[in-house]
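See below for the structure under consideration.
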Amino acid sequence: MQKRYSDLQNSIQISVSGNFSLQKTLLCGQIFRVFETENGFIVPLNRSLLKLLQEKDKIYCTAYGKPISQAEVKNFLGMNDDIDSIKEELIRKTAKFSQIIQYGKGLRIMRQNPYETTISFLFSIRNAIPVIRRKLNLLSEIVGEGIRVDGTMYYFFPESEALKNLDTQSVEKLHLGFREKWFVDFVQNYDETFFECILKKSFEEKEKNLLSIKGVGKKVAHCILLFSMNELSAFPVDVWIKRGMYELFEVKGSSKKVTEIGRGIFGNYAGYAQEYLYYYLRNYFK
DNA sequence: TGACAGGAAAATA
DNA sequence: TATTTTCCTGTC
């Protein structure tokens with residue numbers, strides 16, 4: 001008898017040096033669908049479900065569903081980035097940044113699925129993180145493909161094929177408001193191959209292609225570029241970054257403008273600067 | 001219960 | 001081209 005994916009599981013161990021934090025990486029706001037349990041985080045990744053746990057310098061990963069390699073997990077969690085030279089370069093560009101980087105020690109930029117990331121950040125427009133999370137989970141539950149782990153059902157994020165066939169009633173359950181027309185247009189007109197096609201293009205070409213999606217503006221485009229398209233110089237500017245760039249670096253102007261200024265200041269790793277700054281702004285003053 | 005949070009696109013100057 | 005207005009749900 002052929003084994004079904006839902007019956008499979010494989011375990012991986014990864015050694016990390018002191019500059020990787022699973023907690024910060026998963027909870028800093030770059031990814032929405034993360035579930036905290038007593039024995040680690042559950043994170044859906046394509047057709048797999050990862051159970052992740054960090055103990056000091058060891059990452060323990062059990063993948064349920066489609067088997068996954070150590071290399072895929074490392075790529076997903078941004079472990080291949082040369083974080084020491086990235087930090088060095090950012091501090092060299094702006095000495096003022098060293099405290100902010102120190103505070104976010106261990107934080108990495110993940111490499112998520114671009115199709116899922118696009119829908120996630122379409123949902124994020126004028127919405128708070130808990131609301132976005134709930135709507136993405138509801139969408140995944142409605143489509144209903146998932147696996148039971150430790151007695152709880154967890155659902156994969158739907159693929160384009162399933163979302164193309166989503167009925168109107170299900171869409172309405174999401175209460176997307178003015179975002180609904182953008183979501184519907186996206187699932188009707190785009191699929192995973194769109195992202196595969198633009199992945200090898202230049203930064204400017206990728207940005208241009210993303211901006212042609214209805215509802216995707218500069219901020220959302222840069223989130224997609226940074227969190228799922230391997231573009232570490234992307235610099236998404238939301239209200240937090242806009243405030244922070246003004247208060248800490250006296251940078252003012254529209255969000256679009258601040259994106260360009262931020263990229264100019266921080267260079268190739270502006271995306272890391274943005275994530276460290278965002279983490280600092282949202283957590284340090286609590 | 002009304003003030004507030006949160007980006008894109010259309011409207012306006 | 002730059003600024004202002006409109007769109008909608010959810011929380012406190």
Side-chain angles (χ1 to χ4, degrees), chain A residues 27-34 112 114-142 163 166-190 194-195 198 203-204 206-229 231 233-248 250-264 270-271 273-275 277-286:
Chain A
L27 300 182
C28 70
Q30 62 182 319
I31 181 168
F32 297 103
R33 302 197 63 232
V34 173
Q112 300 179 56
Y115 180 80
E116 173 179 353
T117 304
T118 302
I119 293 174
S120 300
F121 284 93
L122 276 177
F123 282 20
S124 82
I125 297 166
R126 282 185 82 84
N127 261 151
I129 291 171
V131 177
I132 303 161
R133 183 174 292 141
R134 201 177 325 125
K135 289 182 196 295
L136 291 169
N137 287 336
L138 178 59
L139 176 62
S140 306
E141 281 168 36
I142 286 171
L163 292 184
L166 203 63
D167 56 283
T168 315
Q169 275 189 328
S170 299
V171 174
E172 284 169 358
K173 278 188 198 156
L174 298 169
H175 297 278
L176 291 173
F178 59 82
R179 306 157 197 86
E180 188 180 287
K181 58 183 182 294
W182 297 332
F183 171 67
V184 170
D185 183 88
F186 179 74
V187 299
Q188 293 305 321
N189 296 300
Y190 295 85
F194 168 78
F195 297 96
I198 64 172
F203 183 95
E204 287 71 22
K206 283 180 189 165
E207 186 191 42
K208 203 181 95 188
N209 277 280
L210 292 174
L211 289 171
S212 73
I213 300 169
K214 293 192 178 79
V216 173
K218 193 98 167 171
K219 190 268 180 181
V220 170
H222 276 245
C223 285
I224 301 166
L225 288 165
L226 181 59
F227 302 140
S228 72
M229 303 200 77
E231 289 293 352
S233 75
F235 195 81
V237 175
D238 69 344
V239 288
W240 291 82
I241 296 296
K242 198 169 177 228
R243 273 197 298 262
M245 287 297 282
Y246 178 65
E247 282 166 24
L248 296 166
E250 289 85 43
V251 170
K252 46 189 154 185
S254 67
S255 298
K256 276 186 191 176
K257 229 174 196 165
V258 177
T259 288
E260 297 309 331
I261 296 169
R263 296 190 76 215
Q274 191 273 0
E275 272 310 279
L277 180 58
Y278 186 78
Y279 184 79
Y280 177 81
L281 293 167
R282 295 206 58 146
N283 298 287
Y284 185 76
F285 301 101
K286 271 187 196 165

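Naming convention: chains lettered A, B, ... in sequence-line order (proteins, then strands); numbering from 1 in each chain. In this text, all values refer to a predicted model and were calculated from it rather than measured experimentally. Because only heavy atoms are used, hydrogens play no part in the values below, and waters and symmetry mates are left out as well, while side chains stay in.
Atom NZ of Lys219(A) and atom P of dA9(B) are 14 Å apart (whole Å). Across the protein-nucleic acid pair, Lys256(A) atom NZ and dA9(B) atom C1' stand 9 Å apart, rounded to whole Å. Nucleotide dG6(B) holds its C1' atom 13 Å from the CZ atom of Phe121(A), rounded to whole Å. Atom CD1 in Ile125(A) sits roughly 14 Å away from atom P in dC8(C) (whole-Å rounding). Rounded to an integer number of Å, the gap from Leu211(A) CG to dG7(B) C1' is 13 Å. Rounded to a whole Å, the CD1 atom of Ile213(A) is 15 Å from the C1' atom of dG7(B).
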Under 3.5 Å between N/O atoms: give me all the protein pairs with nucleotides 11-13 of chain B, atom names plus distance.
none

Pull out every protein N or O sitting under 3.5 Å from an N or O of nucleotides 4-6 of chain C, one pair per line with the distance.
none

Q: Might you work through the side-chain contact (heavy atoms from CB on, under 4.5 Å) test for Leu281(A) and Arg243(A), ending with a clear yes or no?
A: CA-CA 9 Å; Leu281(A) 293 167; Arg243(A) 273 197 298 262; over 6 Å; no

Q: Given side-chain contact (heavy atoms from CB on, under 4.5 Å), test Met229(A) with Leu210(A) step by step and report yes or no.
A: CA-CA 11 Å; Met229(A) 303 200 77; Leu210(A) 292 174; 4.2 Å; yes

Q.
Go through it in stages, so that I can follow the logic: the residues are Leu166(A) and Phe183(A), the test is side-chain contact (heavy atoms from CB on, under 4.5 Å), and I'd like the CA-CA distance, side-chain angles, deciding distance and then a yes or no.
A. CA-CA 11 Å; Leu166(A) 203 63; Phe183(A) 171 67; 4.2 Å; yes

Q: Kindly determine whether Ile213(A) and Val220(A) satisfy side-chain contact (heavy atoms from CB on, under 4.5 Å), including the steps that lead there.
A: CA-CA 10 Å; Ile213(A) 300 169; Val220(A) 170; over 6 Å; no

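Taking the six-membered ring for Trp and the full ring otherwise, the centers of His222(A) and Phe203(A) sit less than 6.0 Å from each other. Aromatic ring centres of Phe123(A) and Phe32(A): separated by at least 6.0 Å.
By the 30° and 60° cut-offs, the orientation of the rings of Phe178(A) relative to Trp182(A) is perpendicular. In this pair, Phe194(A) and Tyr190(A) present their aromatic rings perpendicular. The plane angle is above 60°, beyond the 30 to 60° band.
Residues of residues 174-185 of chain A that place a heavy atom closer than 4.0 Å to DNA chain B, in numerical order, are Phe178(A), Arg179(A), Trp182(A). DNA chain B is contacted by Asp238(A), Val239(A), Trp240(A) of residues 234-245 of chain A, taking any non-hydrogen atom closer than 4.0 Å. Remark: Val131(A), Arg134(A), Lys135(A) in residues 129-141 of chain A come within less than 4.0 Å of DNA chain C through at least one heavy atom.
Exactly one of Arg134(A), Arg133(A), Lys135(A) qualifies for a side chain to side chain contact (heavy atoms under 4.5 Å, CB included) with Asn137(A). That residue is Arg133(A).
The shortest heavy-atom contact between Leu226(A) and Pro236(A) is CD2-CD, 4.0 Å. Minimum heavy-atom separation, Arg282(A) to Ile129(A): NH1-CD1, 3.8 Å. When all heavy atoms are compared, the tightest approach of Arg179(A) to Ile125(A) is NE-O, 2.6 Å. Contact between Ala270(A) and Gly262(A) at its shortest, heavy atoms only, is CB-O, 4.1 Å.
Listed by chain and residue number, nothing satisfies the side-chain hydrogen bond (donor to acceptor under 3.5 Å, both in side chains) test with Asp238(A) (two or more places apart in sequence, or in another chain).
A salt bridge is defined here as a Lys NZ or Arg NE, NH1 or NH2 lying under 4.0 Å from an Asp or Glu carboxylate O, and Lys218(A) with Glu260(A) meets this definition.
Within a 6.0 Å sphere centred on NZ of Lys214(A), other residues, nucleotides and ligands contribute 12 heavy atoms or fewer.
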